[in-house]
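Structure first, then comments.
Proteins get letters first, then strands, A, B, ... in listed order; numbering begins at 1 in each. Keep in mind it's a predicted model, so treat the numbers as computed, not measured.
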Amino acid sequence: MVSTGITPSGIFHIGHIREILTGDMLTRAALDAGMEVEMIFIIDTADPLRKVYDFLAPEFENYIGHPIGAIPAPDGAGKPSEGGNYGEHFLSPFVEALKLIGVEPRLVDNYQSYLEGRFNPAIRTFIDKREQAREIIERVSGRELEDDWFPFNPVGSDGSMDGVVVVGHDWPVIHWRDSLGVEGSCDLSQTGVFHGKLPWRLDWPAKWAWLGVTCEPFGKDHGAAGGSYDTGSELSALLDYEAPLPLTYEWIQLKGMGAMSSSSGITIGPLEALRLVPPEILRYLIARNKTNRHIDFDTGDALIELADEYEHLLGRVAQEGDVMAGDLKRRQKVAWEVDRAQIRLSQVKRGTQPELEATSVSFRHLAMLAQIRESDDDIWGSLHSSGHLATPQPSTTLAKRLSCIRVWIGSEHFPEGFRLRIQSQPSAAALENVTPQAREYLSALAAELAHCEWSTDSINNAIRKLAIEYEIVLRQAFILLYWIFLDQHYGPKMASLLFELPRSEVVALLGGVVTE
RNA sequence: GGGUCUGUAGCUUAGUCAGGUAGAGCACCUGGCUCUUAACCAGGUGGCCGCGGGUUCGAACCCCGUCAGACCCGCCA
């Protein structure tokens with residue numbers, strides 16, 4: 001039983017994706033190894049609202065200390081609204097994102113679990129053994145607990161769990177006094193009512209025990225010595241339950257901006273990320289990195305490199321097949337298996353063969369076409385006529401990829417170095433590069449392109465043949481053309497680029513340079 | 001202050017648990033392909049493995065120290 005969990009106290013970010021994908025990949029790997037595994041995703045809706053976050057209106061002051069599964073969701077202005085509860089509000093887009101990346105765990109709502117009394121055995125044990133529990137927490141975490149510390153936080157008269165102290169107990173009844181001085185009792189044997197919850201460090205091992213968790217990935221914060229995993233595994237022993245195998249993972253940072261944090265506004269949401277990054281590429285980002293290394297989520301140049309790397313690896317793995325070549329050193333064998341696992345775990349649907357068609361059109365090429373062509377159908381048609389696609393109908397993977405690229409190009413994340421600025425007038429920089437010799441070449445090229453067959457081959461042949469004829473180094477000819485068409489010294493395949501432009505436009509621009 | 005993790009080529013990193021001449025991708029350079037740089041193929045340059053000590057025939061790897069970064073030891077993913 002692999003468990004993951006998140007508190008939906010605010011907007012989910014890309015960092016939470018790592019929690020879930022780490023669990024998912026662990027689960028898939030275990031399944032591939034023939035084990036019986038189930039993955040659950042615990043939604044910590046019993047956790048109290050800590051404070052009025054930046055995105056909340058002051059009215060939420062009244063809900064501090066209340067479980068987030070029982071308070072209203074904020075509306076567009078951050079005010080409490082009528083529809084839905086707080087936890088659900090932040091969770092649902094995340095669950096949507098999970099579907100897109102092929103993760104569908106069993107959802108466990110922690111608030112509901114308390115309502116159903118699932119935690120009662122653990123609560124009772126911790127109350128009985130509260131001195132031992134206290135000793136463990138104080139010794140392992142090195143922190144001193146208050147004298148009135150009690151292994152259960154009851155809800156007070158105003159619905160908040162903050163500042164409520166336990167004044168007595170007689171299982172299943174707990175007597176308390178809240179911060180307003182009001183006294184009351186709750187009966188834990190009564191289900192369907194939220195009476196309160198275990199403090200975090202006890203809550204976690206209690207979850208392990210009632211759900212039967214045997215393995216759990218968690219962030220490095222919990223994994224540090226003296227952190228909640230360390231106390232949790234000892235507390236788990238009080239419940240006669242063996243703590244799950246831990247898998248600590250590092251955090252995802254936004255390139256150049258440090259750790260992700262909802263409160264500081266440094267965040268990219270999972271759905272937002274998936275509009276930019278195709279799902280298999282996002283999975284690959286997690287799969288290719290060891291869990292104990294932090295990941296820079298870079299939506300600039302590195303995204304192209306990541307996509308390229310994925311495609312190259314996919315191509316190589318497909319080519320090498322499933323049989324390992326003979327005589328490999330141990331290290332090479334491991335590398336061979338790791339390559340395969342990374343590709344396998346990157347697939348959105350477990351057990352499916354990756355669509356190789358997608359690799360026949362590189363991410364780069366598609367990024368170029370998307371900048372030149374407005375209609376998707378034009379792009380598929382063009383890819384078909386240029387021989388990249390067998391039919392004018394793209395695979396769903398490829399279609400999804402194009403839609404991501406379009407969003408990416410329109411966003412602030414798209415790197416300027418890749419942005420194509422097709423020129424309609426020759427720029428000053430372009431003219432500087434035009435020698436008398438080049439002028440003759442361009443003149444001849446314009447004439448040739450005016451009537452030659454409009455295909456990448458013919459265009460390319462014209463460029464090359466005339467360059468030789470006019471004794472211009474081929475490389476220089478291309479640089480010259482890049483200056484003329486893009487106002488920079490580099491670019492995508494020239495013939496592919498020109499092929500995508502209207503012939504008249506190409507000829508007119510060349511003519512403009514010649515007569516300038 | 002105490003503790004955990006990380007530090008390897010310009011960049012991203014494998015290798016550290018089981019010590020045996022440092023591997024890869026990107027970038028860069030050269031050559032080839034009578035389809036170029038955001039094509040492909042072949043080859044190449046580039047590493048005091050953070051620093052100092054110790055153990056060992058032998059250390060990126062084990063031990064001690066030290067520096068730098070992240071995180072935990074207050075609530076909290």
Does A:W200 reach the side chain of A:N153, with side-chain heavy atoms less than 4.5 Å apart?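 A:W200 does not reach A:N153 side chain to side chain.
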Between B:rU37 (P) and A:L497 (CG): distance, integer Å: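 Atom-to-atom, A:L497 to B:rU37, this comes out as 15 Å.
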Atom pairs, N/O to N/O, protein against nucleotides 2-9 of chain B, distance under 3.5 Å?
unit_1: B:rU6; atom_1: OP1; unit_2: A:N292; atom_2: ND2; d: 3.2
unit_1: B:rU6; atom_1: O3'; unit_2: A:R293; atom_2: NH1; d: 3.4
unit_1: B:rG7; atom_1: OP1; unit_2: A:R293; atom_2: NH1; d: 3.0

Quick one: label [X] by what it contacts on the DNA or RNA (base, sugar-phosphate, nothing), any heavy atom closer than 4.0 Å.
| X | result |
| --- | --- |
| A:R419 | nothing |
| A:K465 | nothing |
| A:Y482 | base |
| A:L481 | nothing |
| A:H365 | nothing |
| A:G219 | nothing |

Partner set under ring-ring contact (aromatic ring centres under 6.0 Å, His included) for A:W208, not counting sequence neighbours: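 Residues passing ring-ring contact (aromatic ring centres under 6.0 Å, His included) with A:W208: A:W204, A:Y229.
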Whenever both distances are under 3.5 Å in a Watson-Crick or G-U wobble pair, mark it; put RNA chain B into dot-bracket that way, with [ ] for crossing pairs and | when the partner is on another strand. (((((((..((((......[..)))).(((((.......))))).....(((((..]....))))))))))))....
With nearest nucleotide decided by heavy atoms, which residue, A:N289 or A:I468, maps closer to the 5′ end of RNA chain B?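 By nearest-heavy-atom nucleotide position, the 5'-most residue is A:N289.
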With nearest nucleotide decided by heavy atoms, which residue, A:A495 or A:E309, maps closer to the 5′ end of RNA chain B?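 Per heavy-atom nearest nucleotide, the more 5' residue is A:E309.
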Only one of A:F152, A:Y111, A:Y114 passes ring-ring contact (aromatic ring centres under 6.0 Å, His included) with A:F119; say which it is.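 Passing option: A:Y114.
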Are any of A:H312's side-chain N or O atoms less than 4.0 Å away from OP1 or OP2 of B:rC40?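 It does, given that an N or O in the side chain of A:H312 lies less than 4.0 Å from OP1 or OP2 of B:rC40.
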Give a yes-or-no answer on whether the side chains of A:Y249 and A:E19 include a donor-acceptor pair shorter than 3.5 Å.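 Yes, A:E19 and A:Y249 have a side-chain donor paired with an acceptor closer than 3.5 Å.
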Determine whether any donor atom in the side chain of A:D221 lies under 3.5 Å from an acceptor atom in the base of B:rA77, or the reverse, and answer yes or no.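 In this structure, the two groups form a donor-acceptor pair.
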